[in-house]
Amino acid sequence: MAPCSRINSLQVAVIGAGSAGLAAARELHRESHSVVVFERQSQVGGLWVYTPKSEPDPLSLDPNRTIVHSSVYESLRTNLPRECMGFRDFPFVPRPEDGESRDPRRYPSHSEVLAYLQDFAREFKIEEMVRFETEVVLVEAQGRKWRIQSRNSDGTYGDEIFDAVVVCSGHYTEPRLAHVPGIDSWPGKQIHSHNYRVPDPFKDQVVVVIGNFASGSDISRDITGLAKEVHISSRSNPPETYEKLPGSNNLWLHSMIETARDDGSIVFQNGKVVQADTIVHCTGYKYHFPFLNTNDYITVDDNCVGPLYKHVFPPALAPGLSFIGLAWMSLHFFLVELQSKWVASVLSGRVTLPSQDEMMEDVNDFCAMLDANGIPKRYTHRLGTFQVDYLNWLAEQTCAPHVEQWRIQQVEGAYRRFATESDTFRDKWDDVHLVAECYEDFLRQKL
Ligand code: FAD
């Protein structure tokens, strides 16, 4: 993987203009590639383009439904402090030139993240590379090149050949549902968090929220103001769990659901029974690439996309096909910035990949390590405690600096506060010294 001096300038297609696609377009362009970004929405920002519209099918089960890309709800604020969340060389901090419509809070609203991504796109002239309202419907290898078929909003089809394709299509649109025994005959309403926007429809209801990670925790608190009762069911809690949560008088935490009954009741493993009106599934999302035809070389099995070398390159199809932003529980913008630098420099030939066999061996070793540590397959792309090593590994591929200490400490503190003070973590924190440290760092970068 030693850097070399040969530079190839390729025709590269990027699918998606969310944070990953924007970072990819910038790095590919910097590396002298010619870039076309395909984006099915009418603006940049991906997931952060909030819409009050949701899909007509509240569980999004119908494969032929009209897709609404975003899963952002109206009250959403970031779950990370903004300083550590942004791209390295375009910090996500309030700027003197930003108008009053902006949200200067440390954990700002979704609209502030969108405004930041729009600023990023403007600063690096990325919109000029984007074909808006153009959905990629097919990606397949054609000899050593890649064929892309696309469909424009006016119904016209495109059929083009590129040297390489970088998939940045996101993975928070296709809902994943938990199996609840008895659910098929349970008479209440069900909705997945992908289609949750505002709490109003839950007024005076008894609501069961399945899942207590970021969306489950946020949505249950959003609903408590209007609902009669909110009961969170979490599989990471011991079976006897039954706890009234702080911050509101109608919010309880339970263990998993044991069964849903046809009389409308929900029985938890802790023995408690509630008569519920609605279940909100905050149970995550599935990787889904309906446009990708690799003759079954790439598969999605229990939410593991494979085989992928370092979550990015499929060994037999590399470097022509790559995926940016699949890894999660991470500093997403920072991650996609580093992955993009790596992909761009591999494509230009400045950085070489190991052989196909070596990459496959690495993939197999990684899967064996997950297995040996009892990590389920569905967590293959969850970085969590592996995040710092992975980010530093990526940085080393392109001689970029390692992740800053303040950034690591901020994110670790944020995860800790989220787990222990989930009702207040966005407005109270104890790491002011790290805020000062990162501003000094940003200032040094500018000099
Ligand atoms: P997306 O933003 O989903 O972008 C993918 C783009 O690809 C979209 O614009 C889509 O229209 C386009 N696309 C898809 N398919 C096609 C196609 N076939 N043809 C053309 N275009 C296509 N991360 C944080 O760092 N901080 C947070 O606080 C945070 N909060 C979150 C809250 C929620 C509710 C969720 C679901 C995620 C959150 N995340 C957060 C993680 C989030 O995924 C990232 O922040 C990130 O913005 C995702 O960027 P992306 O570019 O990978 O995907």
Output the distance between atom [atom1] ([X]) and atom [atom2] ([Y]), rounded to the nearest 0.5 Å.
{"X": "L347", "Y": "I7", "atom1": "CG", "atom2": "CD1", "value": "11.5 Å"}
{"X": "N364", "Y": "D357", "atom1": "CG", "atom2": "CG", "value": "10.5 Å"}
{"X": "I67", "Y": "Q41", "atom1": "CD1", "atom2": "CD", "value": "11.5 Å"}
{"X": "I266", "Y": "I257", "atom1": "CD1", "atom2": "CD1", "value": "5.0 Å"}

Axial cation check for [Y] ring with [X], 6.0 Å and 45° limits:
{"X": "R77", "Y": "Y107", "value": "no"}
{"X": "R197", "Y": "Y73", "value": "no"}
{"X": "R382", "Y": "Y379", "value": "yes"}

Hey, mind stepping through V351 and W342 against side-chain contact (heavy atoms from CB on, under 4.5 Å) and telling me if it holds? CA-CA 8 Å; V351 172; W342 184 37; 4.3 Å; yes

Side-chain donor-acceptor pair under 3.5 Å between [X] and [Y], yes or no?
{"X": "H194", "Y": "S71", "result": "yes"}
{"X": "E160", "Y": "Q11", "result": "no"}
{"X": "S75", "Y": "D222", "result": "yes"}
{"X": "E240", "Y": "N270", "result": "no"}
{"X": "S234", "Y": "N237", "result": "yes"}
{"X": "D301", "Y": "T299", "result": "no"}
{"X": "S60", "Y": "N195", "result": "yes"}
{"X": "E74", "Y": "Y196", "result": "no"}

Between K310 and V363, does the side-chain contact (heavy atoms from CB on, under 4.5 Å) criterion hold? Intermediate values first, please. CA-CA 7 Å; K310 307 290 184 196; V363 173; over 6 Å; no

According to ring pair (Phe, Tyr, Trp, His ring centres under 6.0 Å), who are the partners of F366, at least two apart in sequence or on a separate chain? H311

Is a side-chain N or O of [X] found less than 3.5 angstrom from the main chain of [Y], in a donor-acceptor match?
{"X": "R65", "Y": "D62", "answer": "yes"}
{"X": "R106", "Y": "D427", "answer": "no"}
{"X": "S70", "Y": "L47", "answer": "yes"}
{"X": "R426", "Y": "P108", "answer": "no"}
{"X": "H381", "Y": "C304", "answer": "no"}
{"X": "H192", "Y": "G284", "answer": "yes"}
{"X": "E135", "Y": "R151", "answer": "no"}
{"X": "T173", "Y": "H69", "answer": "yes"}
{"X": "H171", "Y": "K286", "answer": "no"}
{"X": "E358", "Y": "S355", "answer": "yes"}

Any carboxylate oxygen within less than 4.0 angstrom of a Lys/Arg side-chain nitrogen, looking at [X] and [Y]?
{"X": "D103", "Y": "R82", "answer": "no"}
{"X": "R30", "Y": "D89", "answer": "yes"}
{"X": "E112", "Y": "R102", "answer": "yes"}
{"X": "E404", "Y": "R88", "answer": "yes"}
{"X": "R350", "Y": "E31", "answer": "yes"}

Would you sort out whether K145 and D163 count as a salt bridge (Lys or Arg N to Asp or Glu O under 4.0 Å), showing the intermediate values? CA-CA 5 Å; K145 304 226 173 194; D163 297 312; 2.8 Å; yes

Verify the neighbour count for atom CZ of R235: are there more than 12 heavy atoms of other residues, nucleotides or ligands below 6.0 Å? no

Should R416 and E421 be marked as a salt bridge (Lys or Arg N to Asp or Glu O under 4.0 Å) after you check the CA-CA gap, both sets of side-chain angles, and the distance that decides it? CA-CA 8 Å; R416 195 183 54 246; E421 300 147 45; over 6 Å; no

Sub-4.5 Å side-chain heavy-atom contact between [X] and [Y]:
{"X": "V113", "Y": "M85", "answer": "yes"}
{"X": "V403", "Y": "V388", "answer": "yes"}
{"X": "Y390", "Y": "L338", "answer": "no"}
{"X": "T278", "Y": "I191", "answer": "yes"}
{"X": "Y297", "Y": "N295", "answer": "no"}
{"X": "F268", "Y": "S233", "answer": "yes"}
{"X": "I148", "Y": "L138", "answer": "no"}
{"X": "P319", "Y": "L353", "answer": "yes"}

Does the separation of the ring centres of [X] and [Y] fall below 6.0 angstrom?
{"X": "F323", "Y": "F313", "value": "no"}
{"X": "F386", "Y": "W393", "value": "no"}
{"X": "Y116", "Y": "F90", "value": "yes"}
{"X": "F87", "Y": "F334", "value": "no"}

Could you walk me through whether D441 and W406 pass side chain to side chain donor-acceptor pair (under 3.5 Å), step by step? CA-CA 9 Å; D441 203 23; W406 62 259; 2.9 Å; yes

If you compare all heavy atoms of L28 against all heavy atoms of V12, which two are closest, and at what distance to 0.1 Å? CD1-CG1, 3.8 Å

Where do S42 and E133 come nearest, in terms of heavy atoms and distance? CB-OE2, 3.2 Å

Could you please spell out the steps behind the side-chain contact (heavy atoms from CB on, under 4.5 Å) verdict for V139 and T294? CA-CA 8 Å; V139 173; T294 59; over 6 Å; no

Output, in order, the C-alpha distance, side-chain angles, deciding distance and verdict of salt bridge (Lys or Arg N to Asp or Glu O under 4.0 Å) for R122 and E127. CA-CA 7 Å; R122 206 170 303 117; E127 288 196 349; over 6 Å; no

